[in-house]
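Here's the structure, in structure tokens; my notes come after.
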Amino acid sequence: MRAGTYSVATHSTAHVEPRERADFWSEQVDSRHTRLDFRYARRDGFRGELTSQRSADYELIGWRSDRIEYVRTPGLVRQDPAPDYRFLFPLEGEMTLRHSGQEARLAPGFGRLMTLDAPFELLHDSMLSGVILSIPARGIDGPLNRKAPLDAELDLTTGLGRVLHGMLLSLHAERTRLDAAQFDAVADRAVELLCMVAAGDDRPDAPDHLAQVEAAIRRYAREHAAEPDLSGASMAHALGWSLRQVQLALQRAGTTPRELIREERLRVVRDRLQRPEYTHMTISELACALGFSSASALSTAFRRRFGTSPRELRRRYRQV
């Protein structure tokens, strides 16, 4: 088991005086997301409960509450930018999302990937229950090569969407039995699936066989990332496809063999920085073992992907 920054907490208005419940709920939501305006159907006696599991990179929340409207105004966006993503979906009840002059209803079986860096209004009925995952912007924009924030509604009733839905529910259900490394590992895979579903929505005409090739390539890259001679050509040879097929399949998802291998190797580095059996290895030795040209090259790529340096991450886990 690996140690790290991971917490599980439940907050409920049931333990708060009725006249203070609305303020209590506003504080809980603001502290986990960003500054919002709150419009309560009734402030006195408002009912709400949320259960959070949180690491340095992700936060997964299951919540239930009375009718409420969350508003992110243009002024709040200017005052408090929030480029990170939220992926949310209802379990019971419906949500209504208004933004950019459009209105969309979100029912069970569908999810929404969005940032909080644009004005919106989110309204839901009494005692709606749902799940929301907070994701660093780099976790979506990097793999999908996004130059502008992505906003997408995703079908969670079939295919990879259904797998993603089940994975997040299982991750939340097992929250008390996980540590930081385990939580992050599953969240990483969930975000990878989320990117694949989002990319599929962007490219509805992509051939099915390319999607299958892409999934196999990603799986192979993940399992063999620590091998120093891993390349697009070696993956193609091992899987029995041409290099061109591999390149086309990954191009569909907005990436390349080189970028995919680097992404998986960065995850291996992050994993080893948190594991005690690798504390004897210097950053330079980790870089060399994973195919990076130098410790500096690894640090630059690692900071761009995870928002911190390898040295800082290792220091943080040693202090826990």
Side-chain angles (χ1 to χ4, degrees), residues 6-18 20-55 57-72 76 80 82 84-99 104-116 120-136 151 153-154 156 161 164-178 183 186-187 190-191 194:
Y6 178 68
S7 62
V8 176
T10 297
H11 302 274
S12 174
T13 58
H15 308 297
V16 180
E17 291 293 328
E20 298 175 356
R21 290 179 180 178
D23 289 339
F24 172 83
W25 190 255
S26 298
E27 291 170 4
Q28 292 299 322
V29 174
D30 270 348
S31 68
R32 285 167 170 77
H33 301 294
T34 186
R35 292 178 60 193
L36 299 166
D37 283 343
F38 300 85
R39 299 173 184 172
Y40 292 90
R42 56 169 189 162
R43 293 184 62 85
D44 289 345
F46 177 83
R47 296 171 299 167
E49 179 175 290
L50 66 84
T51 299
S52 160
Q53 53 192 128
R54 187 173 193 171
S55 70
D57 288 329
Y58 302 104
E59 183 171 22
L60 183 62
I61 297 173
W63 91 98
R64 174 184 294 270
S65 80
D66 280 341
R67 179 182 176 89
I68 188 174
E69 184 172 6
Y70 302 98
V71 181
R72 180 84 162 141
L76 289 176
D80 189 16
D84 290 343
Y85 283 89
R86 300 296 187 274
F87 177 58
L88 68 159
F89 55 88
L91 299 174
E92 297 180 46
E94 289 191 353
M95 306 177 190
T96 300
L97 176 66
R98 304 186 188 101
H99 72 115
R105 297 186 69 82
L106 201 60
F110 293 86
R112 191 84 184 194
L113 179 64
M114 57 186 287
T115 75
L116 304 183
F120 68 84
E121 299 173 6
L122 180 64
L123 170 69
H124 69 67
D125 296 330
S126 180
M127 295 316 291
L128 173 136
S129 66
V131 173
I132 183 167
L133 174 66
S134 298
I135 308 165
D151 183 280
E153 181 174 311
L154 307 179
L156 306 180
L164 172 63
H165 184 269
M167 180 182 289
L168 290 177
L169 291 182
S170 296
L171 180 59
H172 194 56
E174 297 298 316
R175 57 189 175 274
T176 61
R177 301 177 181 88
L178 305 175
F183 174 67
V186 178
V191 172
L194 180 56

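The distance from atom CZ of Arg86 to atom OG1 of Thr34, rounded to the nearest 0.5 Å, is 8.0 Å. Residue Ile135 holds its CD1 atom at 12.0 Å from CD of Glu59, rounded to the nearest 0.5 Å. Interatomic distance, CG of Leu122 versus CE of Met95, reported as 6.0 Å (0.5 Å rounding). Taking OG of Ser129 as the start and CG of Leu50 as the end, the distance is 13.0 Å to the nearest 0.5 Å. Here the CG-CD1 distance, from Asp125 to Ile68, works out to 13.0 Å after rounding to the nearest 0.5 Å. Ser52 contributes atom OG, which lies 9.5 Å from atom CD of Gln28 (distance to the nearest 0.5 angstrom).
Of the possible polar contacts, none joining the Arg105 side chain to the Leu97 backbone as a donor-acceptor pair under 3.5 Å is found. Under a 3.5 Å cut-off, the side chain of Arg21 and the backbone N or O of Thr13 do form a donor-acceptor pair. With hydrogens and angles ignored, the 3.5 Å screen pairs no side-chain donor or acceptor of Asp66 with any backbone N or O of Gly48. In terms of modelled atom types and a separation under 3.5 Å, the side chain of Arg35 and the main chain of Leu76 share no donor-acceptor contact.
Contact detail for Pro108 and Leu91: the closest heavy-atom pair is CG-O, 3.7 Å. Ala82 approaches Thr115 most closely through the heavy-atom pair O-CB, 4.3 Å. Between Leu106 and Pro90, the shortest heavy-atom contact is O-CG, 3.5 Å. Scanning all heavy atoms of the two residues, the minimum distance from Tyr6 to Arg175 falls at OH-O, 2.8 Å. The minimum heavy-atom distance between Leu36 and Asp30, with the atom names listed, is N-OD1, 3.2 Å.
Contact of the Trp63 side chain with the Val29 side chain is not registered, since no non-hydrogen atoms from C-beta on lie closer than 4.5 Å. Two residues are said to be in side-chain contact when any heavy atoms from C-beta on lie closer than 4.5 Å; Glu69 and Asp37 fail this criterion. When side chains are defined from C-beta on, Ile132 counts as touching His33, because their heavy atoms get closer than 4.5 Å. Between Tyr85 and Leu194, every side-chain heavy-atom pair lies at or beyond the 4.5 Å cut-off. Between Thr96 and Glu94, the closest side-chain pair of non-hydrogen atoms is not below 4.5 Å. By the 4.5 Å heavy-atom criterion applied to side chains, Arg98 and Leu123 are counted as neighbours.
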Set out, in order, the CA-CA distance, both residues' side-chain angles and the distance that settles side-chain contact (heavy atoms from CB on, under 4.5 Å) for Val186 and Tyr58, then state yes or no.
CA-CA 11 Å; Val186 178; Tyr58 302 104; over 6 Å; no
Pair Arg177-Val8, side-chain contact (heavy atoms from CB on, under 4.5 Å): steps then yes or no:
CA-CA 10 Å; Arg177 301 177 181 88; Val8 176; over 6 Å; no
Could you please spell out the steps behind the side-chain contact (heavy atoms from CB on, under 4.5 Å) verdict for Met114 and Leu88?
CA-CA 9 Å; Met114 57 186 287; Leu88 68 159; 4.0 Å; yes
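Taking the centre of each ring, Phe38 and Trp25 stay at or above the 6.0 Å mark.
Among residues two or more places apart in sequence or in another chain, the salt bridge (Lys or Arg N to Asp or Glu O under 4.0 Å) test is passed with Arg64 by Glu92. For Phe120, there are no ring pair (Phe, Tyr, Trp, His ring centres under 6.0 Å) partners, not counting sequence neighbours.
Side chains of His124 and Ser65: a donor-acceptor N/O pair is present below 3.5 angstrom, by distance only.
The only option from Glu49, Glu27, Arg32 that meets the side chain to side chain donor-acceptor pair (under 3.5 Å) definition with His11 turns out to be Arg32. A side chain to side chain contact (heavy atoms under 4.5 Å, CB included) with Phe87 is found for one member of Leu164, Leu60, Val131 and no other, namely Leu164.
Between Arg112 and Asp151, at least one side-chain nitrogen of the basic residue sits less than 4.0 Å from a carboxylate oxygen of the acidic one, meeting the salt-bridge criterion.
By the 30° and 60° cut-offs, the orientation of the rings of Phe46 relative to Tyr40 is perpendicular.
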